[in-house]
Protein chains: 2
Amino acid sequence: MKVKVDPSLKEAWDLVQGGLKRKEVIIIVGACEVEYRGRAYSELPEGMRILIIKEDSALILHRPRGFEPVNWQPSGSIIASEYKENMLLIRAFKRRPAEVMEVRFREVKLVASLKLIDKGEFLMYGSEEDIKRAIMIRPDLLERGLRILRDERKTDKGYVDLCAVDSEGRLVVIELKRGRADKDAVLQLLRYVNYYKRSGACKVRGVLVSPSISKGALRLLKEVGLEYKKISLKKCREVILAHSNSSLFK
Amino acid sequence: MKVKVDPSLKEAWDLVQGGLKRKEVIIIVGACEVEYRGRAYSELPEGMRILIIKEDSALILHRPRGFEPVNWQPSGSIIASEYKENMLLIRAFKRRPAEVMEVRFREVKLVASLKLIDKGEFLMYGSEEDIKRAIMIRPDLLERGLRILRDERKTDKGYVDLCAVDSEGRLVVIELKRGRADKDAVLQLLRYVNYYKRSGACKVRGVLVSPSISKGALRLLKEVGLEYKKISLKKCREVILAHSNSSLFK
DNA sequence: TAATAAATGTCGTTT
DNA sequence: AAACGACGTTTATTA
């Protein structure tokens with residue numbers, strides 16, 4: 001790891017050049033101005049910020065407040081650094097869409113470059129995919145007598161989350177949301193249901209499944225003759241865990 | 001600014017405590033494991049990462065690759081740091097929704113805490129708002145004889161981007177998109193147009209305005225009897241600049 | 001490559 | 001507090 005506190009711009013540039021060459025992660029803290037041109041245009045006059053350059057050439061520039069970076073460039077950019085006229089320039093190009101971000105440092109307070117070793121596998125529970133998994137294990141989470149049709153979404157034009165057949169033989173189109181469902185979710189479901197109604201002969205139901213739903217969405221849902229079923233993420237997690245445990249004993 | 005390279009965990013903790021108290025921006029680089037519980041659940045085993053704690057208590061944890069943080073907590077969290085059992089704990093709570101993120105450092109390579117002075121005003125051009133502004137200045141960007149109705153969106157239930165009256169006295173509902181318009185944009189416009197058709201007596205047109213549109217969206221648009229008008233962000237920018245220049249001579 | 005939908009989306013604005 | 005829509009959304013998946 002190479003670190004310099006209050007380096008000259010020339011020293012900082014040397015360190016950045018080395019870091020880029022070795023594909024390390026680089027952190028620069030200092031006074032800079034920023035310009036972006038691409039899908040939109042932005043300007044940011046001088047101020048103290050933190051720039052992170054990652055080993056896959058993603059760039060992230062942070063101000064002292066807020067969760068979001070003020071400017072950035074995603075992975076796979078082409079990065080160049082230059083030292084001229086008492087400035088340290090960092091420039092990141094990208095094609096498709098064509099975009100450029102340029103950071104001009106007037107002063108660097110801290111610069112560091114190091115290889116970050118990070119092999120940890122990130123695990124997340126509670127995604128929409130997890131709800132789907134739970135329902136496929138236990139369709140009765142929605143209603144008794146429900147039979148899930150595997151991979152219906154592939155065969156159809158729309159990307160339906162799940163399809164099933166109810167105890168009376170009706171097709172049940174299911175739309176899942178991991179958070180509060182809104183009007184968009186209802187319209188999404190409506191599109192799929194209409195598709196099946198047009199194309200198929202059998203009766204079609206549409207069910208929106210989520211932990212909660214907005215008032216407006218629920219009103220719209222009922223207006224267009226769709227159904228709502230509440231589900232708990234916690235319950236889904238339990239079902240998945242119980243199932244993977246029982247699978248161990250097969 | 002306080003910086004320590006390869007500090008002991010105790011030293012790092014001292015520096016973090018001081019930084020939190022003074023509401024500075026803190027950067028920690030080191031080996032850590034992470035846990036998150038809230039709207040979802042996540043686990044990340046040990047690895048080298050970068051943690052930024054901002055002065056408004058936003059937390060951002062970055063791995064060596066990718067644009068997005070692997071874990072985070074937005075502004076306004078309650079942050080606590082602890083030193084125990086050979087670990088430096090950083091913990092961020094948030095209510096509504098209730099969420100906790102905990103970072104456990106086993107080793108710290110670099111820690112820095114400093115006051116970032118950043119008064120620069122961020123300027124961005126090319127937003128949807130800019131398209132709206134340009135059309136309000138020069139409605140003929142869309143078509144001749146168009147008259148924009150000011151702030152129609154306020155009086156209505158839906159948040160229509162713009163309303164206008166065409167040369168034949170028909171109401172024109174306008175939906176703006178700064179990027180490529182998709183099916184969602186068409187459905188959004190359709191909702192507003194239907195609202196006006198139901199509630200009003202006069203004839204209603206719906207026009208989607210954007211720099212480009214997806215094939216599927218265009219097909220859907222025509223199916224439901226709406227119109228498309230291409231617009232260039234560059235042109236909008238020129239119109240706004242020309243207008244603000246001419247305003248100087250009033 | 002385009003299109004389509006998810007996301008711990010976040011953020012701002014209005015009700 | 002809830003709802004609604006924009007975002008340089010980004011990212012992943014699929015045709």
Would you mind checking if [Y] and [X] are paired as a salt bridge, meaning a charged N to carboxylate O distance below 4.0 Å?
{"X": "Asp130(B)", "Y": "Arg237(B)", "answer": "no"}
{"X": "Glu55(B)", "Y": "Lys23(B)", "answer": "no"}
{"X": "Glu35(A)", "Y": "Arg37(A)", "answer": "yes"}
{"X": "Lys229(A)", "Y": "Glu143(A)", "answer": "no"}

Tell me the stems DNA chain D sits in, counting at least three consecutive Watson-Crick or G-U wobble pairs, each under 3.5 Å on both distances.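 Output for stems: C:1-7 with D:9-15, C:9-15 with D:1-7.
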Provide the distance between the two [atom1] atoms, one in [N] and one in [M], to the nearest whole Å.
{"N": "dC4(D)", "M": "dG8(D)", "atom1": "P", "answer": "23 Å"}
{"N": "dA6(C)", "M": "dC7(D)", "atom1": "C1'", "answer": "15 Å"}
{"N": "dT4(C)", "M": "dT8(C)", "atom1": "P", "answer": "23 Å"}

Describe the nucleic acid contact of [X] in one word from base, sugar-phosphate, nothing, applying a heavy-atom distance below 4.0 Å.
{"X": "Asp184(B)", "answer": "nothing"}
{"X": "Asp182(B)", "answer": "nothing"}
{"X": "Glu99(A)", "answer": "base"}
{"X": "Glu128(A)", "answer": "sugar-phosphate"}
{"X": "Tyr36(A)", "answer": "base"}
{"X": "Ser42(A)", "answer": "nothing"}
{"X": "Val100(B)", "answer": "nothing"}

Should Asn194(A) and Arg191(A) count as side-chain neighbours, where that means a heavy-atom distance under 4.5 Å? no
Under a 4.5 Å cut-off applied to non-hydrogen side-chain atoms, are Val207(B) and Glu175(B) in contact?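 They are not in contact (no side-chain heavy atoms under 4.5 Å apart), so the answer is no.
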For a quick test of reading the model: is some side-chain N or O of [X] closer than 4.0 Å to OP1 or OP2 of [N]?
{"X": "Arg180(A)", "N": "dA2(D)", "value": "no"}
{"X": "Arg178(B)", "N": "dT9(D)", "value": "yes"}
{"X": "Arg39(A)", "N": "dC7(D)", "value": "no"}
{"X": "Tyr192(A)", "N": "dA5(C)", "value": "yes"}
{"X": "Trp72(B)", "N": "dT10(C)", "value": "yes"}
{"X": "Arg95(A)", "N": "dT1(C)", "value": "no"}
{"X": "Lys215(A)", "N": "dA2(D)", "value": "no"}

What is the separation between atom [atom1] on [X] and atom [atom2] on [N], rounded to the nearest whole Å?
{"X": "Glu175(A)", "N": "dT4(C)", "atom1": "CD", "atom2": "C1'", "value": "12 Å"}
{"X": "Met124(B)", "N": "dC11(C)", "atom1": "CE", "atom2": "C1'", "value": "12 Å"}
{"X": "Leu44(B)", "N": "dT8(C)", "atom1": "CG", "atom2": "P", "value": "14 Å"}

Given DNA chain D, 5'-ward residue of the pair Ser127(B) and Ala217(A), judged by closest heavy atom: Ala217(A)
Glu223(B) atom CD: more than 12 heavy-atom contacts under 6.0 Å: yes
In terms of the nearest nucleotide of DNA chain C, which residue is placed more toward the 5' end: Glu129(A) or Ser75(B)?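 So the residue in question is Glu129(A).
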If each of Gln73(B) and Arg191(A) is mapped to the nucleotide of DNA chain C with the nearest heavy atom, which maps nearer the 5' terminus, i.e. the 5' end?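 Final value for this comparison: Arg191(A).
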Ring-on-base stacking dT4(C) with Tyr159(A) (under 5.5 Å, under 30°): no
Drop me the distance from Ile27(A)'s CD1 to His62(A)'s NE2, to the nearest 0.5 angstrom. 11.5 Å
Can you run down the side chain to side chain donor-acceptor pair (under 3.5 Å) pairs that involve residues 66-78 of chain A, sequence neighbours left out, and say none if there aren't any? Ser42(A)-Asn71(A), Asp56(A)-Ser75(A)
